[in-house]
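Structure record follows, encoded as structure tokens.
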Amino acid sequence: MKLNVIDHGGEGHTLVLLHAFPLDSGMYDRLVPLLVDDARVVTIDLPGLGGSPVPDEDPSMAAVAEGVLDAITDLGIERSIVAGTSTGGYVALEIAAAAPHRLEALVLAGTTPRRITPDVPDARRVVADEIERLHSTDPVANSAAQGLGVTAHREQPGLVSMLRQTIAEADPAGVTWMARAIADRSDTTAALAAFPGPVGLLFGAEDDATPPSRGQEMLDLRGSAPTILEVLDRTGHLSALESPKAVAAFVLRVLAEVG
């Protein structure tokens, strides 16, 4: 599997950023400059999205995780902190399940280890079939508006049009592939509970898709393992896009836990 990888440079621990569906790594453009002074930052377009081609493999989250690990390995990186938003969080947790030794820490934003809303498998398969039938990303166009909190809609209205453009320009075949990979994902609650390294859990107070209560559920799973939970005010589902300074500060807190 070939993935589009951008190494933004920087020194110290390597931080790999994995984006939400059906977007691409451009959702981190406002966050990356706030982190490169403290870490080596790498962004990756998930399969079929952004600059990554549609894979030949059957869609699965396990295949996505393997592809991300291969891409990191190609950069000469053995261990990294993986940060994922929404679908990117699913991938990060799949890596934690398959290869926890490759991770120094996890940062999970607006996501869940369970196979529940907003990505119920059967519903994602229906969306994938509709995109394939229409050969258009129109069935997921509304996710642009839904991903932002009420504050961002009011104070940063340009974000909606930017996200709509990203989705409109996405390859329908790639969006279909990833939707089916999301539907195929496993429950990763055991992997989250067992991961020995630091975990940062970040949620937006205005996120209706994955509300902060999901973060508390994940914190409870962690028991006494090192975990930080933070809920950002005035922020929705796409926290790195809406509140990049606050997200950068949180990520740096997790990096400090790695040492």
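- Of all heavy-atom pairs between L31 and A248, the closest is CD1-N, 3.6 Å.
- Using a 4.5 Å cut-off on side-chain heavy atoms (C-beta onward), P211 and F203 make no contact.
- Closest heavy-atom contact between M178 and P47: CG-O, 3.0 Å.
- Taken together through direct or relayed side-chain contacts under 4.5 Å among Ile, Leu, Val, Met, Phe, Trp and Tyr, L18 and L34 form parts of separate hydrophobic clusters.
- In terms of modelled atom types and a separation under 3.5 Å, the side chain of S52 and the main chain of G48 share no donor-acceptor contact.
- At least one side-chain heavy atom of H13 sits under 4.5 Å from a side-chain heavy atom of E104.
- Side-chain heavy atoms closer than 4.5 Å link hydrophobic residues (I, L, V, M, F, W, Y) into clusters, and following such links, possibly through other members, connects I77 to V251.
- A distance-only check finds a donor-acceptor pair linking the side chain of T166 to the backbone of M162 [under 3.5 Å].
- Under the 3.5 Å distance criterion, the side-chain polar atoms of W177 are left unmatched by any main-chain donor or acceptor of S60.
- Using a cutoff of 4.0 Å between basic side-chain nitrogens and carboxylate oxygens, E132 and R180 are scored as salt-bridged.
- Side-chain heavy atoms closer than 4.5 Å link hydrophobic residues (I, L, V, M, F, W, Y) into clusters, and following such links, possibly through other members, connects L75 to M1.
- The local environment of CD in Q156 is crowded, with over 12 non-hydrogen atoms from other residues, nucleotides or ligands closer than 6.0 Å.
- Using a 4.5 Å heavy-atom cutoff, the side chains of I44 and N4 are not in contact.
- Closest approach of A20 to L238, counting heavy atoms only: CB-CD2, 3.9 Å.
- Closest of all the heavy-atom pairs between R222 and P226 is NH2-O, 3.2 Å.
- Side-chain atoms of H237 and T210 include a donor-acceptor pair closer than 3.5 Å.
- Side-chain atoms of T85 and Y28 include a donor-acceptor pair closer than 3.5 Å.
- A side-chain donor-acceptor contact under 3.5 Å links S136 to the backbone of D138.
- Residue-environment remark: CZ (R234) stays at or below the threshold of 12 foreign heavy atoms within 6.0 Å.
- Under the 4.5 Å side-chain criterion, counting only non-hydrogen atoms from C-beta, P121 is not in contact with D184.
- The shortest side-chain heavy-atom distance between T227 and F195 does not fall under the 4.5 Å cut-off.
- Other residues, nucleotides and ligands contribute more than 12 heavy atoms inside 6.0 Å of the CG atom of D220.
- Here the side chain of E206 pairs a donor or acceptor atom with the backbone of V150 at under 3.5 angstrom.
- For K2 and D70, the salt-bridge test fails: no basic side-chain N is under 4.0 Å from an acidic carboxylate O.
- Of all non-hydrogen atoms in L232 and S243, the two that sit nearest each other are CD1-CB, 4.4 Å.
- Counting heavy atoms from C-beta on, the side chains of V42 and L15 never come closer than 4.5 Å.
- Counting only heavy atoms from C-beta outward, the side chains of L148 and E242 approach each other to under 4.5 Å.
- Under a 3.5 Å cut-off, the side chain of R40 and the backbone N or O of G12 do not form any donor-acceptor pair.
- With no hydrogens or angles considered, a side-chain donor-acceptor pair links D45 and S25 at under 3.5 Å.
- Hydrophobic clustering places V5 together with V91 (ILVMFWY residues linked when any side-chain heavy atoms are closer than 4.5 Å, directly or through intermediates).
- Between A152 and L159, the shortest heavy-atom distance links the atoms CB-CD1, 4.5 Å.
- At most 12 non-hydrogen atoms from other residues, nucleotides or ligands lie less than 6.0 angstrom from CG of D58.
- Ion pairing of R102 with E78 is present here, as a side-chain N (NZ or NE/NH1/NH2) and a carboxylate O approach within less than 4.0 Å.
- A donor atom on one side chain and an acceptor atom on the other are not found under 3.5 Å apart for T111 and S86.
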Check the pair F21 / R124 against side chain to side chain contact (heavy atoms under 4.5 Å, CB included), numbers first and verdict last.
CA-CA 11 Å; F21 171 88; R124 274 293 168 223; 3.9 Å; yes
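- Put simply, the residue from V199, L219, L202 that forms a side chain to side chain contact (heavy atoms under 4.5 Å, CB included) with L229 is L219.
- Although no hydrogens or angles enter the test, the distance criterion places a donor-acceptor pair under 3.5 Å between the side chain of T112 and the main chain of R114.
- Side chains of L163 and L23 form a contact here, defined as non-hydrogen atoms less than 4.5 Å apart.
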